Visitor: 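Below: one structure in structure tokens.
Convention: sequence-line order gives letters A, B, ...; per-chain numbering from 1. Only a predicted model underlies this, so the values are computations on that prediction, with no experimental measurement involved. Side chains are part of it too, since the values below use all heavy atoms of this structure and drop only hydrogens, waters and symmetry mates.
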Protein chains: 2
Amino acid sequence: MATRTRRSQRRTEALSRERIVEAAVELLDAAGEGGLTFRALTERLATGPGAIYWHVENKDELLGAATETVVAAALAVEPARTPDSPTGAPDSPAEAPDSPRDEIRAVALGLFEAIDEHPWLATQLATHLSRSPWGSVAPRIFESLGRRVRALGVPEGSWFLVTSALMHYILGAAGQNATNARAGGGGLDRDEFLDATATAWEELDPDDYAFTRAVAYQMRGHDDREQFLAGIDLVLTGIAATHPPDA
Amino acid sequence: MATRTRRSQRRTEALSRERIVEAAVELLDAAGEGGLTFRALTERLATGPGAIYWHVENKDELLGAATETVVAAALAVEPARTPDSPTGAPDSPAEAPDSPRDEIRAVALGLFEAIDEHPWLATQLATHLSRSPWGSVAPRIFESLGRRVRALGVPEGSWFLVTSALMHYILGAAGQNATNARAGGGGLDRDEFLDATATAWEELDPDDYAFTRAVAYQMRGHDDREQFLAGIDLVLTGIAATHPPDA
DNA sequence: ACCTGAACACCGTTCAAGT
DNA sequence: ACCTGAACACCGTTCAAGT
């Protein structure tokens, strides 16, 4: 029976931290946070739990490593181009030197899309962003946004506040959206899910939820990405108004 | 040995969904997400798992009920008063009719403080806000903010966008802060934790993290609540600028 | 209607043993 | 140095049985 070992992967390459993290990301993408177990991991890697523990401290560290990998990839794109065509994929070489504002939009959108593709990221980013010893993912995002905030001309005394506010909006919005992405993935397609949610809103108590009922129809057709970027613009405008460049 | 049943609670009152949720909140507060187990719950309530399952569908539903309870309490305060004295606890009767802007600040601060007191809330709010069947907690927050957004004079077409953006900032910021609160709770006090984080930032690579290193000192002394409210003001200013009242 | 508690399947983690 | 796999303690959940 030793012959019938599942070789879900070719067995040529040796085990490595990298391969383990890669498999972890695949499991998380396929089945969410609950999909990442050491049993599933050992089966996929055709090995035993002990082997994994030799390369990785524990499950928490593994989750952290998976998060770092995905976030690093999202930030590495360093995209450009004005988001005029919201559908356009960034693959042609970028030449035009973008404004800091456009770059912030692009970084934000990169994170948004990463969370959209890997909904399990939301939990990680929302609450486990700082760990001991300090994970590198929070500073990475902070740095990427902060450089553009500086380029925007925000006075130095406001750098921390402004960059934090931007990051909070991005993580909050992307997190909410991940919930939708997840729910959408489970059977219903996106439009059906939106419609079901809008309908649920419309059936709330008229006294307690007058406002929510009144905007339910706006939920029905809305485009997540567009809304997200509109929110970014709102925050950027707020930044310009409350922390204008030094005179 | 039947005599030595732990009665962590007086045994007079019968089991009820309410008592179970209450105990769940206590366990979550005391030991975080990992502290809520059915064993701990049965011990605290001096009963068996079957009894709990009679009142509650499963662990997920229990977590949801705990979240709803705490969020409802936070929103019920419907506080007032201008936040001039950031330390002041709201206990004297409020009379002055506050501006929508102040009310939004107050609602936001209420949520911020709820997450600060119950750090496990962050995960719940960040990613499980919508469930099937639709939980009432998202609409509750949305409604509370939305009514004030309407009172602000934001044009109807922008209600959904603006209220969502506000909610995203609040949840994102409060979530990040919960991480700090949690970390602070684990031995170090708040100032020590901030200091340790700032020091860690200052030791990052000078090329890759030039900006983060440059603002590390701003992290050291900052007041979470103050920063949070400054962010709210930033967003409110952005709202006023990008979605001004109809002419 | 409400509760008991043994049992089940599954999980993260450890560790003596192998190569 | 790297891997194996049995074993341990713990978890959510079920269910026949009691009152």
Visitor: Just the table, please: protein N/O against nucleotides 9-12 of chain D N/O, every pair under 3.5 Å.
Guide:
residue: D:dC11; atom: N3; partner: B:R39; partner atom: NH2; Å: 3.4
residue: D:dC11; atom: N4; partner: B:R39; partner atom: NH2; Å: 3.3
residue: D:dG12; atom: OP1; partner: B:L36; partner atom: O; Å: 3.4
residue: D:dG12; atom: OP1; partner: B:K59; partner atom: NZ; Å: 2.7
residue: D:dG12; atom: OP2; partner: B:F38; partner atom: N; Å: 2.9
residue: D:dG12; atom: N7; partner: B:R39; partner atom: NH2; Å: 2.9
residue: D:dG12; atom: O6; partner: B:R39; partner atom: NH2; Å: 2.7

Visitor: Who passes salt bridge (Lys or Arg N to Asp or Glu O under 4.0 Å) against B:D29, sequence neighbours left out?
Guide: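 Listed in chain order: nothing, the list is empty.
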Visitor: Rounding to a whole Å, what distance do you find between B:W54:CH2 and C:dG5:C1'?
Guide: 18 Å
Visitor: Please map the stems of DNA chain C, keeping only stretches of three or more Watson-Crick or G-U wobble pairs with both distances under 3.5 angstrom.
Guide: C:4-8 with D:12-16, C:12-16 with D:4-8
Visitor: Between D:dC3 atom C1' and A:L15 atom CG, what is the distance in whole Å?
Guide: 9 Å
Visitor: If we ignore hydrogens and angles and just use 3.5 Å, is the side chain of B:T197 paired with the main-chain N or O of B:F193 as donor and acceptor?
Guide: yes
Visitor: Measure CD1/A:I20 against P/D:dC2 and give the value in whole Å, please.
Guide: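 In whole Å, D:dC2 P lies 12 Å from A:I20 CD1.
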Visitor: Return each pair, listed once, that meets ring pair (Phe, Tyr, Trp, His ring centres under 6.0 Å) where at least one residue sits in residues 42-76 of chain B; pairs must be two or more places apart or across chains.
Guide: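 Output for this query lists B:F38-B:Y53.
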Visitor: So, using side-chain contact (heavy atoms from CB on, under 4.5 Å) as the criterion, who are the partners of B:T69 when residues are at least two apart?
Guide: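 With neighbours one apart ignored, the set is B:V21.
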Visitor: Is any side-chain nitrogen or oxygen of A:H55 closer than 4.0 Å to OP1 or OP2 of D:dC3?
Guide: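 Yes, A:H55 has a side-chain N/O under 4.0 Å of OP1/OP2 on D:dC3.
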Visitor: Figure out the CZ/P separation between B:R17 and C:dA1, and round it to whole Å.
Guide: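 In whole Å, C:dA1 P and B:R17 CZ are 18 Å from each other.
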Visitor: Going by side-chain contact (heavy atoms from CB on, under 4.5 Å), name the residues that satisfy it together with B:L36, two or more places apart in sequence or in a different chain.
Guide: B:A24, B:L27, B:L28, B:L41, B:K59, B:L62, B:L63
Visitor: Between A:P139 and B:W201, what is the shortest heavy-atom contact and its length?
Guide: CG-NE1, 4.3 Å
Visitor: What is the distance, to the nearest angstrom, from the CD1 atom on B:I52 to the P atom on C:dA6?
Guide: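 One finds 16 Å between P of C:dA6 and CD1 of B:I52, rounded.
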Visitor: Under 3.5 Å, side-chain donor or acceptor atoms of residues 207-218 of chain A against the rest of the protein: list the pairs with distances, not counting sequence neighbours.
Guide:
residue: A:T212; atom: OG1; partner: B:E143; partner atom: OE1; Å: 2.7
residue: A:R213; atom: NH1; partner: A:E202; partner atom: O; Å: 2.9
residue: A:R213; atom: NH1; partner: A:L204; partner atom: O; Å: 2.7
residue: A:Q218; atom: OE1; partner: B:F160; partner atom: N; Å: 3.2
residue: A:Q218; atom: NE2; partner: B:E156; partner atom: O; Å: 2.9

Visitor: Looking only at the side chain of A:P49 (C-beta and beyond, no hydrogens), which of the listed nucleotides D:dG5, D:dT14, C:dC3 gets closest?
Guide: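 Out of D:dG5, D:dT14, C:dC3, the nucleotide with an atom closest to A:P49's side chain is D:dG5.
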Visitor: Please walk me through it: do A:E22 and A:R44 pass salt bridge (charged side-chain N to carboxylate O under 4.0 Å, His left out)?
Guide: CA-CA 11 Å; A:E22 186 192 330; A:R44 195 178 198 91; over 6 Å; no
Visitor: Could you give the distance separating C:dA16 and D:dC3 at their C1' atoms, to the nearest angstrom?
Guide: 13 Å
Visitor: Over how many whole Å does the gap from B:E43 atom CD to C:dG5 atom P extend?
Guide: 14 Å
Visitor: Taking only residues two or more places apart in sequence or in another chain, which ones pass side chain to side chain donor-acceptor pair (under 3.5 Å) with A:D195?
Guide: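 So A:D195 forms a side chain to side chain donor-acceptor pair (under 3.5 Å) with A:R220.
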Visitor: Using the P atoms only, state how far C:dA17 lies from D:dC2, rounded to an integer number of Å.
Guide: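 Looking at atom P only, D:dC2 and C:dA17 are 22 Å apart.
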